[in-house]
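These notes are about the structure you will find just below.
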Amino acid sequence: MTEASVREFKMPDVGEGLTEAEILKWYVQPGDTVTDGQVVCEVETAKAAVELPIPYDGVVRDLHFPEGTTVDVGTAIIAVDVGGGSAAPAPAAGQPAAAAPAEEPKAAGSGRQPVLVGYGVATSSTRRRPRKGPEVPVQQASTAIQTELNGHAPAAPAATAPQAPAAPAGTDRPLAKPPVRKLAKDLGVDLTTVLPTGPDGIITREDVHAAVAAAVPAAPEPSVASAPAGDRAPASYDTTRETRIPVKGVRKATAAAMVGSAFTAPHVTEFVTVDVTRTMKLVEELKADKEFAGLRVNPLLLIAKALLVAIRRNPDVNASWDEAAQEIVVKHYVNLGIAAATPRGLIVPNIKDAHAKTLPQLAESLGELVSTARDGKTSPAAMQGGTVTITNVGVFGVDTGTPILNPGESAILAVGAIKPQPWVHKGKVKPRQVTTLALSFDHRLVDGELGSKVLADVAAILEQPKRLITWA
């Protein structure tokens, strides 16, 4: 193997202009054979989690960054020997790494570095983020805190947790699934000290929590005789009462977008409570219809269709505000966003050209959107270009809310919980299925009349779903 046969794969721009991404999980290790197009790692940008394929065949020589490291776009993250030789051992700590091969040529006529996806960021000197320091076991961290506060180290506990057996020869780390590794990282637990109880020696979530519980020293018994108030030492901090979560990735991008939207667009929110009993009956009928066999049919499907009809009747609501040009841009298509809560935070993928879809097609698109979001596989492209959004807070049992607009959109509809309530129906008080809708809109381009018409149309359709046909 020669140094000339080693190729450095760089962090690509996977999010159309984003400058960094966090390595969530490696699927390969040094010595593994990889082929062109094989997924080698999963990274998270400010928009989504993305799997990265390697663009050539070879043997993995080195992983330059561990999981959990945030890396700038354009920085080499993995070295692959494309000459067919076996992987060489990674350089020891403190020794210089092997010289990287010459930089790949830039794209003709551009000042950008060619990358796997898109063109990346403009050519510049690449900053490498410092590697994270070694993880400190919870017991060591607790001892350090108490030493800082009390001036001396606490006595060692009488009983300690059993030590994990040594890893088998040839393995670099204990066996654990990615979610368990993330849990251990968040709690500051060194997995090499955890006793595994899972099948084949796999560390489980319960094992990590057990290690945390065993590592926290018992609180000292209060003294019978106490010192005067002025001479008392400050009480030791309870390190288990707070958890600090770094704000990054999707959560960081969402926070910035919501703050920008809230303080840029003047929000107005209107509410209406509506009897949706007939809509709920139609949902049950559609579930039994052969045209919807294998499709997910629920109230959200008809609510989405009702909003699309309302937009067709009031097209000026489907617009955006162009601050630079001082223009209102009316969209003649609807990319319908659906807010989805995921483990990585709130994301809003959208159904492209939802206005042109039939009801079965809309049901299929909704099902695909939800399942992809739950699996954490939503692509950045699926979250761009939305024109109007629905957020279903009713799934949490909430009656209504005042949603904040997605940046670049003019309206967002919040759907509350659907539940039986006493309602005047045909002159008599009867139990009916009722919900509350809330429509927030940008008052720069949607006035009260237009916003009211849209909300009233949605309510009217849900009260009498036959209007889906008569108003179509």
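Please read all numbers here as calculations on a predicted model, not as lab measurements.
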Could you report the tightest heavy-atom contact between [X] and [Y], atom names first, then the distance?
X	Y	answer
I328	A319	CG2-CB, 4.0 Å
P53	F9	O-CZ, 3.7 Å
V50	P380	CG2-CD, 4.0 Å
L450	V317	CD2-N, 3.8 Å
I390	V415	CG2-CG2, 4.1 Å
T400	A438	OG1-CB, 3.4 Å

For residues [X] and [Y], is any side-chain donor paired with an opposing acceptor at under 3.5 Å?
X	Y	value
T387	N318	yes
S440	T269	yes
T378	T372	no
D442	S410	no

Item to check | Cationic N near anionic O, under 4.0 Å, R313 to D457 | outcome: yes
Could you give the distance from [atom1] ([X]) to [atom2] ([Y]), rounded to the nearest 0.5 Å?
X	Y	atom1	atom2	value
N335	M383	CG	CE	14.0 Å
E22	T70	CD	OG1	4.5 Å
L52	I77	CG	CD1	5.5 Å
E463	K466	CD	NZ	11.0 Å
Y27	E51	OH	CD	4.0 Å
I469	Q464	CD1	CD	12.0 Å

Keeping the roles fixed (side chain from [X], backbone from [Y]), state whether a donor-acceptor pair exists under 3.5 Å.
X	Y	result
D32	V60	no
Q384	A381	no
H443	V268	no
E20	V73	no
D72	T75	no
R444	P266	no
N392	G394	yes
T35	Q38	no
N350	T389	no
T277	Q433	yes

May I ask you to test the [X]-[Y] pair for a side-chain heavy-atom distance under 4.5 Å?
X	Y	value
L413	V458	yes
I412	T391	yes
I311	V388	yes
K25	C41	no
V34	Y56	no
V80	V59	no

Checklist entry - What residue pairs, at least two apart or across chains, pass salt bridge (charged side-chain N to carboxylate O under 4.0 Å, His left out) with a residue in residues 378-406? => result D399-K419
Checklist outcome for this item: The complete set of salt bridge (charged side-chain N to carboxylate O under 4.0 Å, His left out) pairs with one or both residues in residues 422-439, sequence neighbours excluded, reads D275-R432
Next on the checklist: Among T192, L191, T197, which residue satisfies the side-chain contact (heavy atoms from CB on, under 4.5 Å) criterion with I203?
Outcome noted: L191
Which atom pairs, one a donor and one an acceptor, fall under 3.5 Å between side chains of residues 278-288 and the rest of the protein, sequence neighbours left out?
{"from": "T279", "atom 1": "OG1", "to": "L462", "atom 2": "O", "distance (Å)": "2.5"}

With a cut-off of 3.5 Å and sequence neighbours excluded, list every side-chain donor-acceptor pair involving residues 362-371.
{"from": "S365", "atom 1": "OG", "to": "Q361", "atom 2": "O", "distance (Å)": "3.1"}
{"from": "S371", "atom 1": "OG", "to": "G367", "atom 2": "O", "distance (Å)": "3.1"}
{"from": "S371", "atom 1": "OG", "to": "E368", "atom 2": "O", "distance (Å)": "3.1"}

Item to check | All side-chain contact (heavy atoms from CB on, under 4.5 Å) counterparts of E270, not counting sequence neighbours | outcome: F441, S452, L455
Checklist entry - Yes or no on side chain to side chain contact (heavy atoms under 4.5 Å, CB included) for I78 and F65, after CA distance, side-chain angles and deciding distance? => result CA-CA 8 Å; I78 180 175; F65 297 95; over 6 Å; no
Next on the checklist: As a quick check of understanding, evaluate side chain to side chain contact (heavy atoms under 4.5 Å, CB included) for K331 and H355, giving each step before the final call.
Outcome noted: CA-CA 11 Å; K331 313 292 177 62; H355 67 286; over 6 Å; no
Next on the checklist: If you apply the rule side chain to side chain contact (heavy atoms under 4.5 Å, CB included), what do you find for E67 with L24, and how did you get there?
Outcome noted: CA-CA 5 Å; E67 295 174 353; L24 292 180; over 6 Å; no
Could you pull out all donor-acceptor pairs under 3.5 Å where a side-chain atom in residues 294-310 meets a protein atom, sequence neighbours excluded?
{"from": "N298", "atom 1": "OD1", "to": "L300", "atom 2": "N", "distance (Å)": "3.2"}
{"from": "N298", "atom 1": "OD1", "to": "L301", "atom 2": "N", "distance (Å)": "3.2"}
{"from": "K305", "atom 1": "NZ", "to": "K357", "atom 2": "O", "distance (Å)": "3.2"}

Item to check | K453, NZ atom: more than 12 neighbouring heavy atoms under 6.0 Å | outcome: no
Item to check | T273 and T435: CA distance, side-chain angles, deciding distance, side chain to side chain contact (heavy atoms under 4.5 Å, CB included) verdict | outcome: CA-CA 6 Å; T273 302; T435 190; over 6 Å; no
